[in-house]
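Throughout, numbering of the chain's residues begins at 1 and tracks the sequence.
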Amino acid sequence: MTTFPGLDFPWEALPAERRHEMQRTVQASDLDDLDHVNNTVYLSWCEAVARAHALRLDMGTAALAALGAVPVARQHTITYLRPALLGEVLRVRTALLEHAGLRSVRGYTIDRLTGAEPQRLVECRTDWVWVDPVTGRPRRAPLTWPPVLGSESMAADLSSGPLRRRP
């Protein structure tokens with residue numbers, strides 16, 4: 001079992017619709033002048049896993065635009081714990097932590113899988129706001145988005161059982 005930032009229960013306990021993961025192998029093009037993964041690459045991996053998650057749920061940008069609202073990033077917060085190096089195999093995970101009205105929050109982790117035990121390298125959080133794809137003005141998320149995820153909030157999903165969302 002593995003931990004996830006912002007949650008006080010294991011990643012594996014999250015509903016499948018709220019989480020997604022992928023693996024990456026560090027390529028030479030991912031490296032900066034110090035021979036470790038460039039900061040912007042970590043952010044691009046977080047965006048890629050979020051897009052893959054949405055596509056898995058048939059809620060990619062085109063589908064959401066057709067429903068009248070798309071998410072755009074408002075703020076990224078990244079905590080770098082250790083560098084990733086050429087050839088290492090990494091696991092990139094995302095989970096939808098909050099979703100209500102005009103905003104959603106995703107958490108991300110990037111772990112090194114090369115070695116006996118996974119090692120946390122990066123933790124990230126992105127605050128998303130929902131906007132009208134034509135006007136760019138704030139707009140509530142499409143009504144079909146929460147049902148795909150099970151409910152509007154992580155707290156609602158977890159309040160009936162022993163799992164709890166951190167304040």
Side-chain angles (χ1 to χ4, degrees), residues 1-65 69-100 102-131 133 136 138 141 145 148-149 153-154 157 165-167:
M1 300 241 199
T2 54
T3 60
F4 200 83
L7 301 176
D8 57 1
F9 53 86
W11 158 264
E12 295 82 359
L14 288 167
E17 295 82 10
R18 287 200 178 266
R19 60 187 166 102
H20 191 77
E21 70 179 64
M22 55 195 257
Q23 289 189 3
R24 305 296 273 226
T25 300
V26 177
Q27 306 296 310
S29 60
D30 299 326
L31 303 179
D32 60 18
D33 293 343
L34 299 174
D35 288 328
H36 54 68
V37 171
N38 184 286
N39 297 347
T40 61
V41 173
Y42 290 116
L43 183 57
S44 72
W45 290 341
C46 290
E47 182 179 355
V49 73
R51 286 182 180 275
H53 185 203
L55 290 171
R56 181 176 60 104
L57 299 173
D58 294 324
M59 288 289 166
T61 303
L64 291 170
V70 296
V72 295
R74 181 175 183 273
Q75 180 177 349
H76 301 288
T77 305
I78 303 175
T79 302
Y80 303 99
L81 305 170
R82 295 172 186 85
L85 307 172
L86 183 64
E88 291 183 324
V89 177
L90 309 179
R91 175 180 61 208
V92 183
R93 287 181 163 171
T94 188
L96 187 63
L97 301 176
E98 299 174 29
H99 174 74
L102 298 175
R103 65 185 286 270
S104 297
V105 176
R106 276 188 179 275
Y108 308 85
T109 60
I110 300 177
D111 299 318
R112 178 183 295 127
L113 298 181
T114 309
E117 293 291 322
Q119 188 175 36
R120 181 69 38 91
L121 305 180
V122 174
E123 294 180 350
C124 180
R125 171 189 163 115
T126 300
D127 294 334
W128 298 88
V129 294
W130 291 84
V131 299
W145 180 245
V148 166
L149 297 172
S153 75
M154 176 64 86
D157 281 349
R165 172 90 173 90
R166 285 187 190 156

| request: Using the six-membered ring wherever Trp is involved, compare the ring planes of His20 and His53 and label them parallel, tilted or perpendicular (cut-offs 30° and 60°). | output: parallel
Counting C-beta onward and ignoring hydrogens, is there a side-chain heavy-atom pair between [X] and [Y] closer than 4.5 Å?
| X | Y | answer |
| --- | --- | --- |
| Val37 | Trp45 | yes |
| Cys124 | Cys46 | yes |
| Arg103 | Glu98 | yes |
| Pro138 | Val129 | no |

What is the distance from atom [atom1] of [X] to atom [atom2] of [Y], rounded to the nearest 0.5 Å?
| X | Y | atom1 | atom2 | result |
| --- | --- | --- | --- | --- |
| Leu113 | Arg24 | CG | CZ | 13.5 Å |
| Trp128 | Gln75 | CH2 | CD | 12.5 Å |
| Asp111 | Leu121 | CG | CG | 6.5 Å |
| Leu85 | Asp30 | CG | CG | 11.5 Å |
| Tyr108 | Thr79 | OH | OG1 | 14.0 Å |
| Ile78 | Arg125 | CD1 | CZ | 13.5 Å |

How close do [X] and [Y] get, heavy atom to heavy atom, and via which atoms?
| X | Y | value |
| --- | --- | --- |
| Pro71 | Leu64 | CD-CD1, 3.8 Å |
| Trp130 | Ala69 | CZ3-O, 3.7 Å |
| Gln27 | Leu86 | C-CD1, 3.5 Å |
| Tyr42 | Ala84 | OH-N, 3.1 Å |
| Asn38 | Asp32 | ND2-CB, 3.6 Å |
| Gly60 | Leu55 | CA-CD2, 3.7 Å |

| field | side-chain contact (heavy atoms from CB on, under 4.5 Å) between Thr114 and Gln119, worked out | value | CA-CA 8 Å; Thr114 309; Gln119 188 175 36; over 6 Å; no
| field | Test side-chain hydrogen bond (donor to acceptor under 3.5 Å, both in side chains) applied to Thr94 - qualifying residues, sequence neighbours left out | value | Arg106
| query | With a cut-off of 6.0 Å (strictly less than), are more than 12 heavy atoms of other residues, nucleotides or ligands near CZ of Arg56? | reply | yes
| said: Does atom CZ (Arg82) have a neighbourhood of more than 12 heavy atoms from anything else shown, all under 6.0 Å? | reply: yes
| Listed by chain and number, what are the salt bridge (Lys or Arg N to Asp or Glu O under 4.0 Å) partners of Arg112, not counting sequence neighbours? | Glu88
